[in-house]
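Worth saying up front: this structure is predicted, and the values here are computed from it rather than measured. Throughout, residue positions are numbered sequentially from 1 according to the sequence presented.
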Amino acid sequence: MRAEKAVTLAALVALSTACGGAPTSAQQHHAPAPPLAGKVVAIDPGHNGGNASHPEVINKLVDIITQRKPCNTTGTQTRAGYTEHAFTWDVARRLTPILEKMGAKVVLTRPDDKGVGPCITERAATANKAKADAVVSVHADGAGADGHGFHVILPGLVQGHNDAIVDPSRRLGLAVRDAYREGTGLPYATYIGKEGLDTRTDLGGLNLSTRPAVFVECGNMGNAGDAAKLSDPAFRERIAASLAAGVGKYLGGR
């Protein structure tokens with residue numbers, strides 16, 4: 001099956017790199033094309049490190065079709081002070097090379113964790129301009145301490161605007177949800193959505209996207225157990241690998 005092949009090949013490439021084994025000329029000659037060759041994946045690490053210092057920028061209202069919302073926000077953080085913007089950037093930094101080894105071209109909506117914004121409208125435009133085959137916006141939730149687990153947010157129908165991406169986005173969301181649960185062991189969110197899925201029409205990144213897109217709330221930073229996992233670099237590596245597997249499953253099965 002193509003989906004399984006995509007993930008397996010990526011693992012083999014990663015293993016070869018980790019062991020320092022450069023392919024021989026014969027291996028290069030006979031090696032199959034990377035499973036995501038020719039695909040473009042946009043990764044949107046939520047928020048940014050400089051947002052809190054520039055409220056005059058991020059509080060500016062922008063049009064997301066269904067309403068007007070702030071350009072961006074500061075995001076949440078754990079009780080110990082580990083910020084969502086740092087988390088999302090670290091996951092994106094880990095996810096990018098995995099996808100590149102699978103053959104994908106990766107487009108990031110921000111270049112580092114020191115800037116301000118970009119606005120949610122600009123982030124969607126970046127992925128649209130790149131003609132991304134899949135868009136994954138990485139986040140962590142800031143819900144009550146009693147709720148735990150992850151969920152994937154799907155675009156709801158905004159008729160006349162995102163009609164074409166609702167169905168493929170759902171397929172992307174299901175692939176990412178299943179791979180994330182398997183790879184991280186985190187349960188579906190206990191406090192929102194159903195079976196790890198939630199559908200919304202109040203997120204600019206989904207309303208304005210012309211490409212298949214999902215948001216992933218990787219866990220709840222307000223919950224002590226989730227916060228401990230999200231704060232662990234080794235667990236963030238598992239998160240990145242799981243997201244890559246989900247994207248690979250979706251794009252490999254198209």
Side-chain angles (χ1 to χ4, degrees), residues 3 39-47 62-67 69 72-73 75-76 84 88 91-92 95 99 107 109 120-121 123-128 130-143 147-184 186-220 226 239-240 242-254:
K39 302 296 186 182
V40 178
V41 180
I43 304 300
D44 174 34
H47 315 289
V62 295
D63 184 6
I64 67 162
I65 303 173
T66 56
Q67 59 184 281
K69 293 187 73 172
N72 211 291
T73 64
T76 188
E84 182 183 2
T88 65
V91 170
L95 176 56
L99 290 171
V107 175
T109 60
I120 51 180
T121 50
R123 292 172 185 247
T126 295
N128 292 344
K131 298 183 178 179
D133 296 287
V135 184
V136 178
S137 188
V138 182
H139 288 264
D141 214 355
H148 65 97
F150 80 97
H151 66 285
V152 177
I153 304 174
L154 310 175
L157 177 63
V158 182
Q159 201 152 14
H161 295 277
N162 68 352
D163 309 57
I165 71 155
V166 170
D167 287 343
S169 295
R170 180 173 179 81
R171 294 195 297 272
L172 170 61
L174 288 169
V176 168
R177 180 201 66 177
D178 293 348
Y180 194 89
R181 187 180 188 188
E182 180 179 355
T184 67
L186 283 177
Y188 299 148
T190 60
Y191 59 93
I192 193 172
K194 183 178 181 181
E195 296 185 337
L197 300 174
D198 190 31
T199 300
R200 292 172 60 173
T201 59
D202 64 332
L203 296 175
L206 299 182
N207 289 0
L208 299 169
S209 183
T210 60
R211 317 304 298 176
V214 296
F215 276 47
V216 184
E217 295 284 1
C218 295
N220 176 21
D226 283 7
I239 288 175
S242 301
L243 293 175
V247 171
K249 180 180 179 182
Y250 169 70
L251 292 178
R254 291 181 64 186

ask   = Which one of Val216, Val91, Asp44 satisfies the side-chain contact (heavy atoms from CB on, under 4.5 Å) criterion with Val136?
value = Val216
task = Scan Thr88, Thr73, Thr76 and name whichever one has a side-chain hydrogen bond (donor to acceptor under 3.5 Å, both in side chains) with His47.
result = Thr73
Is a donor on one side and an acceptor on the other found under 3.5 Å between the side chain of [X] and the backbone of [Y]?
X: Asp226; Y: Gly149; result: yes
X: Thr109; Y: Arg123; result: no
X: Glu217; Y: His151; result: no
X: Asn162; Y: Gly156; result: yes

query = Should Leu154 and Val214 be marked as a side-chain contact (heavy atoms from CB on, under 4.5 Å) after you check the CA-CA gap, both sets of side-chain angles, and the distance that decides it?
reply = CA-CA 5 Å; Leu154 310 175; Val214 296; 3.9 Å; yes
Show the nearest heavy-atom pair for residues [X] and [Y], with the distance to one decimal.
X: Leu172; Y: Pro212; answer: CD2-O, 3.8 Å
X: Asp133; Y: Tyr250; answer: O-CE2, 3.7 Å
X: Ile43; Y: Pro45; answer: O-CD, 3.3 Å
X: Cys218; Y: Val138; answer: SG-CG1, 4.0 Å
X: Ile165; Y: Pro155; answer: CD1-CG, 4.3 Å
X: Leu208; Y: Ala124; answer: CB-CB, 3.9 Å

Contacts of type side chain to side chain contact (heavy atoms under 4.5 Å, CB included), residue Ala130, not counting sequence neighbours = Val40, Val107
ask   = Looking at residues at least two apart in the chain, or sitting in another chain, which of them share a side chain to side chain contact (heavy atoms under 4.5 Å, CB included) with Thr184?
value = Tyr180, Leu186, Phe235, Ile239, Ser242
task = Not counting sequence neighbours, list each pair that qualifies as a salt bridge (charged side-chain N to carboxylate O under 4.0 Å, His left out) and has a residue in residues 153-170.
result = none
key: Ile153 CD1 to Asp141 CG distance, which is reported to the nearest 0.5 Å   = 7.5 Å
note = One should read off an interatomic distance between Ile64 CD1 and Leu203 CG, to the nearest 0.5 angstrom, of 6.5 Å
What I'd like to find out is whether the side chain of [X] reaches to under 4.5 Å of the side chain of [Y], using heavy atoms alone.
X: Val176; Y: Leu243; result: yes
X: Val41; Y: Leu95; result: no
X: Leu197; Y: Val152; result: yes

For His148, ring pair (Phe, Tyr, Trp, His ring centres under 6.0 Å) partners two or more places apart = none
query = Can the positive tip of Arg181 be found less than 6.0 Å from the middle of the six-membered ring of Tyr188, inside 45° of the ring normal?
reply = yes
ask   = What residue pairs, at least two apart or across chains, pass side chain to side chain donor-acceptor pair (under 3.5 Å) with a residue in residues 202-216?
value = Thr66-Asn207, Asn128-Thr210, Arg200-Asp202
request  = Count the heavy atoms belonging to other residues, nucleotides or ligands that lie under 6.0 Å from CD of Glu182, then report whether that count exceeds 12.
outcome  = no
query = Pairs in or reaching into residues 199-218: which pass ring pair (Phe, Tyr, Trp, His ring centres under 6.0 Å), with residues at least two apart or in two chains?
reply = His139-Phe215
